[in-house]
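From a predicted model like this one, the values you see are computed outputs, not experimental measurements.
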Amino acid sequence: MFSNQKMSRNFICTLKYYNVTLWPRLVKNVNGMYIFTGISGVMFTCVKKTDLILIHSNKLNLTLFKGHHAKLTGQSGVTAPAIKTTWFQTEKQYLVIQLEGKLKPGKSYWLYTEFTGELADDLEGFYRSEYMEDGEKKIIAITQMQATYARKAFPCFDEPGMKAVFHITLIHDLETTALSNSQEITVFVFHAVIPSTAIITRTIFGPTKKMSTYLVAFVVSDFKYISAKDKKGVLVRIWARKKAIEDGQGDYALKITQPILEFFEKYYNTSYPLSKSDQIALPDFNSGAMENWGLVTYRETALLYDPRTSANGNKQRIATVVSHELAHMWFGNLVTLKWWNDLWLNEGFASYVEYLGADYAEPNWNMKDQTILYDLQRAFAVDSLTSSHPLSRKKEEVNTPSEISEMFSTISYSKGAAVLKMLSEFLTEPVFAKGLGNYLKQFAFGSSVHSDLWDHLQKAVDQTPGVKLPYSVHEIMNRWILQMGFPVITIDTRTGNVSQKHFLLEPDAVVDRKSEYNYEWFVPIKWMKKHQVQDQLWLLQKSALHKPMKVSKDEWVLANLHVSGYFRVNYDLGNWERLLSQLESDHQVIPVVNRAQILDDAFNLARASIINITLALRTTKYLLHEREYIPWEAALRNLNYFFQLFDRSEVYGAMQAYLKKQVKPLFEYFGIISSNWTTVASGHTDQFTQIIALSLACSTGVEGCRELTRSWFKKWMQNPHNNTIHPNLRSTVYCDAIAAGGTEEWNFGWQMFQKATVAAEAVKLRSALACTKVPWLLNRYLEYTMNPEKIRKQDATSTIGYIASNIIGQPLAWDFVRANWDYFFKLYGTGSFTFSRLISDVTYRFCTPFELSQLKRFQKDNAETGFGSGTQALQQAIEKTTAKIKWLAENKEPVLQWFLSESP
């Protein structure tokens, strides 16, 4: 038997094209199974002599030809060696073909297979989805190939760097439509041989561009579409369930797709590479969306918008997700990573520019500022742990499907976005875009590694007068992507000293992962002194004296202006005091995103025992006067962490009283501008702030809040066909009313969930049902997550997460997951992106020694089964719980005393 390493080295080839024909059966066969049959051939050329062929195949039943799983023929007069034996290497999911002789370098060969696969409902590869329409069960066949599931649809060289042209044919029922990456070129009808009475359609698609297997897609459904052509004749279609299209739920996505494509063509200085852009909303889809080239697949919540029932937040999510996926049409699809260890380059880039595309489509939404909430602060939370990892990992660390799946993490997406935003800021956006455009031109239809991008950005810098860097792009950026974590920058305004240190939430934690850069970074620091913006400072060593940062007693320094850099900032106590004084006297002098930064930095510095916790708590005092969304959201996230720590202790009452005092002016403000909550705010982010005002006011007991929400819900219960609750406020209202009610309210919510025809509304209800305080209802709801007839498989893990966020539901969810670990691991553990989140969600409240011992016991008890793509999440949970135990021992009493002193 050959080792994996030898096998991988032995077979190196370049690909030309695949011919793939698939026939999904949308009715059960005699064995009660849904299946698909297929034939596939691939033309490849050898790079060196070998007597071994490795091609990926997983869960496919391959037809035997003379006892072997494939046929091999030579091309252009070349005779192929005979096949000696074939077998499956299960760990890396290879079909191994041992030959009698050797393949010749530079010669082309044709490898042919026939196969049958199960059209399962497992959300991977070629799978089926079921939904109800007008009382009838509908079944569709759809795909999700990323990262390692194309091999589950047809045998293929399933690696991102192994690109080829795909000729795809789909055979399907007459009343269905087939879609794939390219436009259909021939559709014809014929009688099937078995059964002879069936009339079948064969749809042949044009050849694709040269692309990776993970971007291949096909759908067979009876969906409808709306369409338009852009200025260059590109066909844009939005596909969805018939009723969703008829109700206009695809209109918003169609409206924004064209301007977003137009923006990216200008931004990349490269035309959209394809003739069409299909986007389809699917009832069952494990990810938020998938950037298949020319056929982008989405969860319904990420593409469909109904102005009557969808909230403002749903609309923003659609704009950012559509923008993210369309950004990939160039960055990721046209130019692809060579291997998954550089996944951050794909996903981090799309996560950064999604805000630029959405901002172009919706210029009044102030989208660019929101990156601090949805990328930077989200990345900080996990990158401050010793269990974090560098953006770009060593190739040998990322091999198995589980290891590949783990790369689809907050680090790859959110840290990747934050670091690239910082790079764009210090290069300037025009230089960044110029280097990017040249990079895309050079590697179009090929693959690359991160250093290729650095090369082109460096060339753009060299060609631009006035852009000066202290070191090359390579030398600066490698410190940010090849070592994990980030620095906290400490500025002493008494002396002007500026220093950096690796920021860890647990200051005494041991960092096992070595770094050739010793956890030091080249840090670009934008800053201001009182009202004046100053020249950018580069911190290039551990500590340096920067005399302009030495200030008098009536001045303050604010660093990381507009939060352009990926680092936290600490100051001497005097500067902290002056910043707090400025916030309380006139907070608007400080930019909005920096107000959010001050809050988030202070709380996390306190969690890391770098500053006193009471100093962090004092940053919330000015919120009495704050009306902007971003600072309030940053404050709420940090205070929610406190809720999780203290809602089972005596601190909770004092904390509630303080927050009630702080949010009351905001609640009253929106009561006035909304005519006593009968309308919503006009501004986009103001609508988000209004939701915070209602949610926090109700949860802290502000007078009149709960009466409002419960009366709205009761009115709806009395007239279920007329829901007058504004879509923006429904999540809060539903949760509050179900939490305050009993079986009657829960059952009503469940009935409305089952009847919901708009996915965004269904999510609001599914989340709210987890708010009940009745334990048996929560336990029954947990059981529902194992029944796809009640809770779709794509929604099971998030539903458990919702229940775990409820103080009563958390221990129930933890027990439930432990009791059913084998079930969840088998279903989601080896590849699902959501699996790591399940572990994080059910352990989020853990903060006692007993809970830590339970975690470690869970780790030990399931070591044999394993944790798959949740392995890192479990390590993070143990690390976070350990840090919280220590922090609580030191800080619980001062926190209690501070809240008591500040409460009315």
| request: Please confirm whether K210 makes a cation-pi placement over F445, using NZ or CZ under 6.0 Å from the six-membered ring centre and within 45° of the ring normal. | output: no
| Relative to the ring of F154, is the ring of F166 parallel (under 30°), tilted (30 to 60°) or perpendicular (over 60°)? | perpendicular
| message | Rounded at 0.5 Å granularity, tell me how far NE2 in H324 sits from CD in E354. | response | 6.0 Å
| message | Going by the rule side chain to side chain donor-acceptor pair (under 3.5 Å), which residues pair with D452 if we only count those two or more places apart in sequence or in a different chain? | response | none
| task | Classify the angle between the aromatic ring planes of F349 and Y352 as parallel (below 30°), tilted (30 to 60°) or perpendicular (above 60°). | result | perpendicular
| Counting N and O atoms only, with roles assigned by atom type, does the side chain of Q483 sit under 3.5 Å from a partner on the main chain of S515, one being a donor and the other an acceptor? | no
| Check: F88 ring centre within less than 6.0 Å of H69 ring centre | yes
| Do F157 and H56 make the cut of ring centroids closer than 6.0 angstrom? | no
| query | Checking D383 side chain against G485 main chain: does a donor-acceptor pair fall under 3.5 Å? | reply | yes
| said: Whether the side chain of N181 engages the backbone of L215 through a donor-acceptor N/O pair (distance < 3.5 Å, no angle test) should be reported. | reply: yes
| query | Does the separation of the ring centres of Y439 and W330 fall below 6.0 angstrom? | reply | no
| N/O donor-acceptor pair under 3.5 Å between S412 side chain and M407 backbone | yes
| message | Suppose we screen for side chain to side chain contact (heavy atoms under 4.5 Å, CB included). Which residues come up paired with K793, at least two apart in sequence or across chains? | response | D121, L123, P788, L827, Y828
| Mind checking what makes side chain to side chain contact (heavy atoms under 4.5 Å, CB included) contact with E397, not counting sequence neighbours? | R393, K394, R513
| salt bridge (charged side-chain N to carboxylate O under 4.0 Å, His left out) partners of D158, counting only residues at least two apart | R151
Could you pull out every donor-acceptor pair under 3.5 Å between side chains of residues 72-81 and any protein atom, sequence neighbours left out?
none

| said: Run the salt bridge (charged side-chain N to carboxylate O under 4.0 Å, His left out) test against E265 and tell me which residues pass, sequence neighbours left out. | reply: K232
